[in-house]
Amino acid sequence: MTTTATMLAARTGLRTGARASTCLVCKWRTFSTTGYQRLPTDHTPGAAAPDGKPKPRQTFAPAPVAATEPAPDSPLAHAPRSYGKKVKDFTPTPLSRPIGMNTPPAAGQNTGIDHRTFKQRRDDFVDYERHLAKREYLKNKVSRPYFRDWVNLSFHKGKTFLAPPRLFKADLSLYFPNLFGRTLASRQKADTTPLLAGHASVVTVFSGMWAENQIKTFVSPEQNPALHRVLKESGGRAQLVQINVEEDWMKMMLIKLFSWSLRNKVGKENWHRYFLVRKGITDEIKESVGLLNSKVGYTYLVDHRCRIRWAGSGSAEGDEREGLVKGVRRLLEEIKAEGVTGGVAEGHVLKPLAAGKPTTGDKK
């Protein structure tokens with residue numbers, strides 16, 4: 001009898017322990033749900049200091065933000081995107097206003113590299129507001145239709161906008177962002193801003209063979225020989241910069257593996273002007289400069305102060321090639337009038353050429 005009672009008690013104790021463990025798990029899940037509102041403490045945003053004033057929250061890195069809908073005042077507000085409502089009919093129109101970033105670029109921006117210390121990462125990891133922002137960012141990323149960019153290619157072969165009939169005014173133009181990646185000239189990564197400063201630059205941004213073929217309609221020697229004549233006659237003041245964007249690390253490894261083929265195609269004199277970029281191009285940058293379709297190629301004309309003065313998307317149509325060539329000539333005239341030396345820059349502010357001082361030309 002005693003043995004039987006002991007066995008029953010043991011079994012009851014095991015069940016009781018299992019129930020207790022289950023309750024603890026339920027409580028943990030309850031406290032980790034989104035509906036749980038934490039009480040203000042010394043580490044919580046909005047906690048009151050001894051003097052009664054709320055303490056400012058210390059952040060070490062901006063919380064990720066995914067674009068959910070375009071800005072209503074954007075010149076590309078009605079263009080199809082990889083997110084948001086699906087567009088059933090679209091006809092590209094010329095850019096009516098300048099596109100680009102509001103702040104001047106600088107080397108070291110948009111690298112995609114996390115420079116936080118271990119303590120800063122820990123503090124950001126336990127920050128509840130950042131947790132909610134990160135979760136919203138991931139939710140928006142996951143909810144995007146995978147084939148939306150391919151579907152949008154049905155609208156005029158993915159052409160997002162038509163090039164403006166003339167250059168944007170210099171004082172109204174916005175900035176081309178700094179991008180960071182490896183060039184064909186070296187394994188070391190570099191910034192684009194020091195290369196663009198002081199030059200009239202034709203910048204192409206593309207990802208994949210389809211986009212690269214679209215870019216060729218604007219800048220290839222076969223389809224736009226007049227552009228290459230202007231670049232050659234400029235004495236290094238004008239240049240062609242190619243930016244190959246691939247956010248998938250496996251595809252980027254394949255591109256790096258066959259980089260010898262790219263070097264043969266581009267030419268040794270242009271190796272330092274060919275960038276392989278994988279990180280740092282945020283949704284904000286894409287919205288600002290009009291990179292709305294990852295399968296489409298984009299062409300920009302950037303002046304010596306890194307401002308976007310002209311832009312084209314997709315394949316060249318109509319007189320867009322001629323407009324690009326005229327724009328390069330116009331920028332060369334502005335550089336000559338301002339007396340700017342190539343590559344002499346402090347951030348984004350360029351120094352005027354001193355009287356009687358020869359130009360430095362393009363650095364190889």
Side-chain angles (χ1 to χ4, degrees), residues 74-76 79 92-102 104-105 156 158-179 192-193 195-206 211-212 214-221 223-234 237-243 273 275 285-293 296-338 340 348 350:
S74 171
L76 302 172
T93 58
L95 286 175
S96 58
R97 295 191 301 276
I99 58 175
M101 307 294 291
N102 293 321
H156 300 267
K159 199 172 184 67
T160 309
F161 52 84
L162 298 177
R166 59 186 64 87
L167 296 184
F168 297 127
K169 292 184 178 180
D171 55 344
L172 300 178
S173 297
L174 302 177
Y175 295 94
F176 188 84
N178 178 74
L179 300 181
T192 58
T193 297
L195 179 66
L196 300 180
H199 300 85
S201 305
V202 180
V203 182
T204 63
V205 182
F206 57 92
E212 187 176 5
Q214 290 182 327
I215 291 300
K216 290 180 180 179
T217 62
F218 278 98
V219 301
S220 68
Q223 302 193 48
N224 198 349
L227 173 63
H228 287 265
R229 284 198 297 269
V230 174
L231 296 178
K232 186 176 180 180
E233 295 170 358
S234 67
R237 313 307 295 152
Q239 61 181 351
L240 173 63
V241 179
Q242 303 179 69
I243 302 176
R273 301 190 186 99
F275 287 80
I285 293 177
K286 294 178 181 179
E287 278 287 334
S288 300
V289 302
L291 295 173
L292 304 182
N293 194 322
V296 175
Y298 295 87
T299 305
Y300 302 91
L301 183 54
V302 182
D303 68 6
H304 55 285
R305 297 185 184 275
C306 299
R307 297 171 297 195
I308 299 177
R309 305 291 298 278
W310 184 94
S313 67
S315 301
E317 296 181 2
D319 58 351
E320 288 183 327
R321 295 188 191 89
E322 292 76 9
L324 176 60
V325 176
K326 292 179 181 179
V328 174
R329 291 196 177 104
R330 176 66 182 276
L331 293 186
L332 289 174
E333 294 175 358
E334 293 182 3
I335 290 177
K336 183 178 180 181
E338 295 185 22
V340 178
H348 64 280
L350 303 176

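Position 1 is the first residue of the sequence; numbering continues from there. Since the structure is predicted, the reported quantities are computational estimates derived from the model, not experimental observations.
- Scored by the side chain to side chain donor-acceptor pair (under 3.5 Å) test, Thr299 finds no partners at all (sequence neighbours excluded).
- Among all heavy-atom pairs drawn from Arg237 and Gly198, the shortest one is NH2-O, 3.5 Å.
- Screening Leu196, Val202, Val328 for a side-chain contact (heavy atoms from CB on, under 4.5 Å) with Gln239, the sole residue that qualifies is Leu196.
- Residue Leu95 comes nearest to Pro164 through the heavy atom pair O-CB, 3.9 Å, listed as atom of the first residue, atom of the second, then distance.
- Under the rule for a side chain to side chain donor-acceptor pair (under 3.5 Å), the partners of Arg307 that lie at least two apart in sequence or sit in another chain are Asp303.
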Check against side chain to side chain contact (heavy atoms under 4.5 Å, CB included), Leu332 and Val230: CA-CA 10 Å; Leu332 289 174; Val230 174; 4.0 Å; yes
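- For the 3.5 Å distance criterion, the side chains of Gln242 and Thr204 fail to qualify, holding no donor opposite an acceptor.
- Note that CZ of Phe275 and OG1 of Thr192 are 6.0 Å apart. Values are rounded to the nearest 0.5 Å.
- No donor-acceptor distance shorter than 3.5 angstrom exists from the side chain of Ser173 to the backbone of Arg309, with no hydrogens or angles considered.
- Among pairs with a residue in residues 316-329, those fulfilling salt bridge (charged side-chain N to carboxylate O under 4.0 Å, His left out) read Lys159-Glu320, at least two apart in sequence or across chains.
- By the side chain to side chain donor-acceptor pair (under 3.5 Å) test, Tyr298 pairs with Thr160, sequence neighbours left out.
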Derivation of the side chain to side chain contact (heavy atoms under 4.5 Å, CB included) call for Leu167 and Leu331: CA-CA 9 Å; Leu167 296 184; Leu331 293 186; 4.1 Å; yes
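- Listed here is the closest heavy atom pair of Leu324 and Phe218: CD2-O, 3.9 Å.
- Remark: Lys232 pairs with no residue by the side chain to side chain contact (heavy atoms under 4.5 Å, CB included) rule, at least two apart or across chains.
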Ile285 vs Met101, side chain to side chain contact (heavy atoms under 4.5 Å, CB included): CA-CA, chis, key distance, verdict: CA-CA 7 Å; Ile285 293 177; Met101 307 294 291; 4.2 Å; yes
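- Asn293 is linked by a side chain to side chain donor-acceptor pair (under 3.5 Å) to nothing, counting only residues two or more places apart in sequence or in another chain.
- Between the Asn178 side chain and the Pro105 main chain, no donor and acceptor come within less than 3.5 Å of each other.
- Here the closest heavy-atom approach between residue Leu174 and residue Pro98 is recorded as CD1-O, 3.9 Å.
- Distance alone, capped at 3.5 Å, places no donor-acceptor pair between the His199 side chain and the Leu240 backbone.
- Nearest heavy-atom pair across Gly327 and Leu301 is C-CD2, 3.4 Å.
- Closest non-hydrogen pair, Val296 versus Gly158, comes out as CG2-O, 3.3 Å.
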